Amino acid sequence: MSPSSATVWKTLCPFWGEEYQVHLPPAFHVVAFYVMDEDALRAPELGRRGGPGPPVEPCPALVPSSSSSRDDVIGKVCLTRDTLAAHPKGFSGWAHLTEVDPDEEVQGEIHLRLEVVPGPRARRLLRCSVLEARDLAPKDRNGASDPFVRVRYSGRTQETSIVKKSRYPRWNEMFEFELEEGAAEVLCVEAWDWDLVSRNDFLGKVVFNVQKLCAAQKEEGWFRLQPDQSKNRRGEGNLGSLQLEVRLRDETVLPSGCYQPLVQLLCREVKLGTQGPGQLIVLIEETTSTECRQDVATNLLKLFLGQGLAKDFLDLLFQLELGRTSEANTLFRSNSLASKSMESFLKVAGMRYLHGVLGPIIDKVFEEKKYVELDPSKVEVKDVGCSGLHRPQTEAEVLEQSAQTLRAHLAALLSALSRSVRACPAVVRATFRQLFRRVRERFPSAQHENVPFIAVTSFLCLRFVSPAIMAPKLFHLRERHADARTSRTLLLLAKAVQNVGNMDAPASRAKEAWMEPLQPTVRQGVAQLKDFITKLVDIEEKEELGLQRALSLQAPPVKEGPLFIHRTKGKGPLMSSFKKLHFSLTTEALSFAKTPNSKKSALIKPANIRAAEKVEEKSFGSSNVMQLIYEDDAGKPQTVYLQCRCVNELNQWLSALRKVSIGNPGLLGSYHPGVFRGDKWSCCHQKDKSDLGCDKTRSRVTLQEWNDPLDHDLEAQLIYRHLLGVEPALREKHRELSAGTEAGSVLTGPGGAPEDPLAQLLQVLRDLQEAHRSSPASSPPSEPSCLLELQT
């Protein structure tokens, strides 16, 4: 995958504020960030919406996409796996950009066989067989290369033949060198791209120690191509710096049965609620630092969501927060576990709902690009233009026009929200109902009449809708960041929504008196919002179960949107034969229709998918094409080619398709990144159509997004890892709680198991720790899950 961030225009000091989470293959070596200068004249990518995705390559490296080939590369930052491993809490800070040298921009692997064999006259020979290479860097304008290999030893050089237009060449050629005492100690194998006119381009090299080869006698395998780092670099800092926060989490996920005691213990605590004897959730919150609270809240929320206990978990947190809150105006205003968990819950369960309500309003703001300003001290008349043919607008006219624009946007948003009661997910409505009821029980007096409403809006408006308005790209509402003018409009609209969410509190009005022109709409909005919340929380248990049952009959879409499907005719795909359709992916089927509202036709069952991979740009003469390899109903292999609107869409579709098929038996280990046209594959030029493939599949390289299918075992592993880190604090707490018992003894139940939940938790942690220690020895090790968290 090689997506790109949003473009920040006309600045030398850009700010992105984008966060990515990527699942990487365990064998990755380096992550590289490339800073590009976008060419505004290049063909624009289609589409507006679609979330950001982290650029990931098989290395994996964050590299510019081929569609950006006309953009200028300013510089790059490389972080090796060893560097990330040396910072367990994450790498954070400014990193100098370094110059991008073509001789260092290498990728791919080469398959070699090296042998020491007897030769004539009792001499020994070093035999080097150059078999094939894969995923070489594209050096030519056609998106391919013309590779050959140069083998050098002891002053002698031999070369393979040239394979034209391929990044996956096969040579199967052998070279021999005489081994002499005192000769060179290294054998160098270099890959080059042949050019007829200009100089050849370097593709990478592998260097071998001949003494070790002599000792081993034979060595064969795939070797990663290395860059040539012999050149002098431009001084660090001359190209600027990039501020990053990067954390690598390397987790080994055990079989599900190992986590059952932990999951059952936490679920029992949630079911018991505040009546539980040990209140483990309270202890987890007390021992969790502020910097870790968001991650812990998200992991717990996803775990209980998978167990059907998300509402009960949040209800328990509501009760705990209300129990320690005496002032109504401070309720849910801190970064408590309740606040963080509710934020995560709304993003996981309510994001699609948010898109439906807020998306059209955000799109309109972006499309209008009107100058909007309410603060008289910030009005710049010159930015507005003319109101007519004869005179510029006055400051008063600018302020009035701005107020009208904001009132229209705010009224449209509140109207859309008021109509969305039935569209709100049942689990979200039920959770807000519990919150509303708990707050009203805690603050029943007439003077606190608005407190239950404010409790709901503190999450719905202040922590969900308003942040999405201010940063629509981070909530996947837009593909690009807003420009300065649009950003100001969005900020003012978000402030107005906050005032409505605060129920038009006097304190909110006092902060910014220049927001007064919006007060009529704000006051009307408060009434609309209260009516909306009243209807929202008016959901009975039977209705909730009915809505959930109805939703469960329809698998929610994992990914949907327009794609171009390539038709095949004759011996292979045609270069320009494609058709635009609307695709929808669920856990049950990949379907398509002419329009989003048309009747869908099932194309592929996820259980039949064998691989989802990128296609070389040269195959169709266009970028952002992927291939889906699957088995039809007759069990025969088939391939469908789909083109995405932009590189971020490509990565999201690949990620979604890989996630719904990750557990399929028979996933392919290799594939052809080209197409079979005429009598050969375009990638490696092999003539056998049933050839297994010339490149590795990347079924486990995915993006982590809000709409991911829940991975219960991974969430349990992450919770275990956190609890293991705070185990000393939990043990100290246990000693304090058990100090009152006789001689500090621990009560045990039948079978010798400890009765109190904290003692049980400590025992579960010991058991899991032992399971991790014994896992490699007793059974084949589980595949590690490498999760890379990025923030720019």
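Every heavy atom of this structure was used, including side-chain atoms; hydrogens, water molecules and symmetry mates were not. It should be emphasised that the depicted structure is a prediction, and the values quoted were computed from it without experimental measurement.
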Greater than 12 external heavy atoms within 6.0 Å of D633's CG: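 At most 12 heavy atoms, drawn from other residues, nucleotides or ligands, come within 6.0 Å of this atom.
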
Are more than 12 heavy atoms from other residues, nucleotides or ligands located less than 6.0 Å from atom CG of L724?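 More than 12 within 6.0 Å, yes.
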
Check: [X] side chain, [Y] main-chain N or O, donor-acceptor pair, under 3.5 Å:
X: K618; Y: K165; result: yes
X: H712; Y: Q307; result: no
X: T697; Y: L668; result: yes
X: D691; Y: K687; result: no
X: S661; Y: L657; result: yes
X: R677; Y: S619; result: yes
X: H722; Y: L718; result: no
X: H672; Y: C684; result: no
X: Q643; Y: S623; result: yes
X: D135; Y: E109; result: no

So how far is it from [X] [atom1] to [Y] [atom2], rounded to the nearest 0.5 Å?
X: I362; Y: R478; atom1: CD1; atom2: CZ; answer: 8.5 Å
X: E19; Y: L474; atom1: CD; atom2: CG; answer: 7.5 Å
X: L309; Y: C267; atom1: CG; atom2: SG; answer: 5.0 Å
X: F464; Y: L346; atom1: CZ; atom2: CG; answer: 5.0 Å
X: W653; Y: L642; atom1: CH2; atom2: CG; answer: 8.0 Å
X: L254; Y: L768; atom1: CG; atom2: CG; answer: 7.0 Å

For [X] and [Y], test the side chains for any donor-to-acceptor distance below 3.5 angstrom and give the result as yes or no.
X: T298; Y: E343; answer: no
X: N299; Y: E715; answer: yes
X: E631; Y: N608; answer: no
X: D713; Y: Y259; answer: no

Side-chain heavy atoms of K614 within contact of R698, under 4.5 Å: no

Name the residue from R170, Q686, R134 that meets the side chain to side chain contact (heavy atoms under 4.5 Å, CB included) definition with C694. R170

Thinking salt bridges, do [X] and [Y] make one under a 4.0 Å N-O criterion?
X: R658; Y: E613; result: yes
X: R480; Y: E38; result: yes
X: D295; Y: R721; result: no
X: R352; Y: E560; result: yes
X: K559; Y: E649; result: yes

Can you classify the ring geometry of F620 versus H566 as parallel (below 30°), tilted (30 to 60°) or perpendicular (above 60°)?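 Judged by the thresholds at 30° and 60°, the geometry between F620 and H566 is tilted.
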
Give me the ring orientation class for F676 and W681: parallel if the planes are under 30° apart, tilted from 30 to 60°, perpendicular past 60°. perpendicular

